[in-house]
Amino acid sequence: MNNSENSIVSPFDRIVDRTGTESMKWIHPRRDLGVPDAIPMWVADMDFEAPPAVVEALARRVRHGVFGYPETPPSFFEAAAGWLRRRHGWPVEPGWLSMTPGLVPALNFIVRAFTKPGDPVILQTPVYHPFFYAVENNGRRVVRNPLKFDGRRYTMDLDDLRTKIDAAGRLLILCSPHNPVGRVWDREELEVLGRIAVERDLLVVSDEIHHDLVYRGRRHHVFAGLAPELAQQTITCLAPSKTFNIAGLSTAVVAVPNPDLLKRFEDEKERSGFDLGNALGIVAFEAAYRHGEAWLDELLPYLEGNVDLMATFLAERLPEIKLVRPEGTYLALLDCRALGLAPDALNDFFLRRAGVYFSDGRMFGDEAAGFVRINFGCPRSVLREALERIERAVRSQ
Ligand SMILES: Cc1ncc(COP(=O)(O)O)c(C=O)c1O
């Protein structure tokens with residue numbers, strides 16, 4: 001598993017040693033869980049360097065050497081708006097954007113700003129676990145609208161959603177593209193959801209952090225861009241952090257075309273004490289959205305090649321484990337129910353017997369018991385090694 005093993009054909013093949021860089025992904029299984037050679041494939045960052053233009057912009061800023069309180073310049077918001085127009089065809093105005101130190105903080109601000117303690121918030125489960133925390137840590141209630149799974153692909157259960165809205169929930173947190181099920185929602189699915197939202201006056205928080213990570217044949221549709229009336233009742237959460245692997249720089253935005261909603265968001269942000277951004281995060285955000293496009297266009301086929309490797313390897317050599325093929329994101333569910341292990345033994349089996357650390361499906365909701373989530377944002381040789389380790393562990397079970 002070193003660089004000399006495979007001839008380097010893509011910059012993403014290069015193995016970057018992350019030890020000594022305080023990487024949570026690497027430290028947790030290796031030090032905290034005590035498996036020193038574990039391959040970490042859990043938390044959602046990639047093992048790739050950020051685009052050179054981002055690294056250079058940061059290096060220039062760091063060389064300046066003074067790191068006082070930053071202003072967020074107009075060019076920061078213009079860069080994000082330009083990206084959304086160019087890449088996603090959404091004519092967003094820079095004035096709709098509000099900076100936040102990450103989308104998880106933004107979700108917490110939103111829950112507090114738009115609901116009261118005890119209020120229900122609808123989640124389409126299984127889903128990114130901090131959605132639950134944002135609701136429950138603020139004393140609100142999760143109402144589940146579970147996704148439907150046909151053994152291959154997840155879809156929304158919109159009939160169930162209608163009953164859940166009637167029952168109470170007026171706020172829905174949508175994950176689009178969806179982590180962890182890997183769906184890039186079809187325009188039609190989103191349009192039906194949008195019609196329901198408009199009819200029933202449902203506020204939609206559309207977390208689109210994975211917006212750029214979409215594979216061939218699929219297209220991401222900005223939910224708020226589907227209809228003008230929908231834009232008025234949607235808060236879109238966006239960041240370049242997944243796309244360009246800069247999550248540790250804690251800088252994101254929400255886009256809120258409705259000025260009343262924007263004001264309520266900003267008031268809550270202020271009450272939470274968030275004011276200024278991170279000097280380096282601001283620089284990286286803008287550089288990524290302005291200069292990262294060519295890098296991203298190389299990344300996407302590389303990630304898709306990793307999906308193909310997983311699909312082929314599992315089908316040919318480990319049919320007990322089924323890949324829920326992702327349409328986007330660098331995350332995917334592995335359906336491990338045929339291994340016959342108890343859900344609470346599954347992740348431990350992968351970590352301690354195979355030396356590969358995944359996210360336990362149950363983190364995203366009980367619906368994903370018996371599944372794990374793999375993060376395949378890594379050099380292909382690392383992914384191959386992980387799959388071979390799993391094959392050996394399963395065969396020696
Ligand atoms: C759907 C979703 N939202 C938000 C985040 C994290 O956002 P941030 O790092 O900006 O708090 C992630 C990270 O994996 C995610 O998958």
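Just so it is clear, the values below take in all heavy atoms, side chains as well, and ignore hydrogens, waters and symmetry mates. Counting convention: from 1, in listed order, for ligands and their atoms alike. Numbers for residues simply follow the sequence, beginning at 1.
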For ligand 1, which atoms, with element, lie under 4.0 Å from some heavy atom of [X]?
X    : result
C175 : 1 (C)
G102 : 10 (O), 11 (O)
A44  : 14 (O)
N179 : 15 (C), 16 (O)

So is R380 actually on top of Y302's ring, under 6.0 Å and inside 45° of the axis?
yes
Looking only at heavy atoms, is any part of A247 under 4.0 Å from ligand 1, and if so is it the side chain, the backbone, or both, or is it neither?
neither
Checking side-chain polar atoms at under 3.5 Å, does E208 have a donor or acceptor matched by the opposite partner on T236?
no
Tell me: protein heavy atom nearest [atom], and distance?
atom                    : result
atom 13 (C) of ligand 1 : K242 NZ, 2.8 Å
atom 5 (C) of ligand 1  : Y128 OH, 3.2 Å
atom 3 (N) of ligand 1  : D207 OD2, 2.6 Å

[X] ring center near [Y] ring center (under 6.0 Å):
X    : Y    : answer
W96  : F265 : no
H221 : W185 : no
Y357 : W42  : yes

Just do the side chain to side chain contact (heavy atoms under 4.5 Å, CB included) check on T243 and L296 with the steps written out, would you?
CA-CA 7 Å; T243 313; L296 173 60; 3.6 Å; yes
Examine V104 against ligand 1 and note whether any of their N/O atoms are separated by less than 3.5 Å.
yes
Answer yes or no: does an N/O atom from L103 fall short of 3.5 Å to an N/O atom of ligand 1?
yes
Say whether H210 and ligand 1 are in contact under the criterion: heavy-atom distance to a ligand atom below 4.0 Å.
yes
Would a 4.0 Å cut-off, counted as strictly less than, catch a protein heavy atom around atom 7 (O) of ligand 1?
yes
Counting distance only, does the side-chain N/O of E189 pair as donor-acceptor with the main-chain N or O of T155 below 3.5 Å?
no
Between K242 (side chain) and D45 (backbone), is there a donor-acceptor pair under 3.5 Å?
no
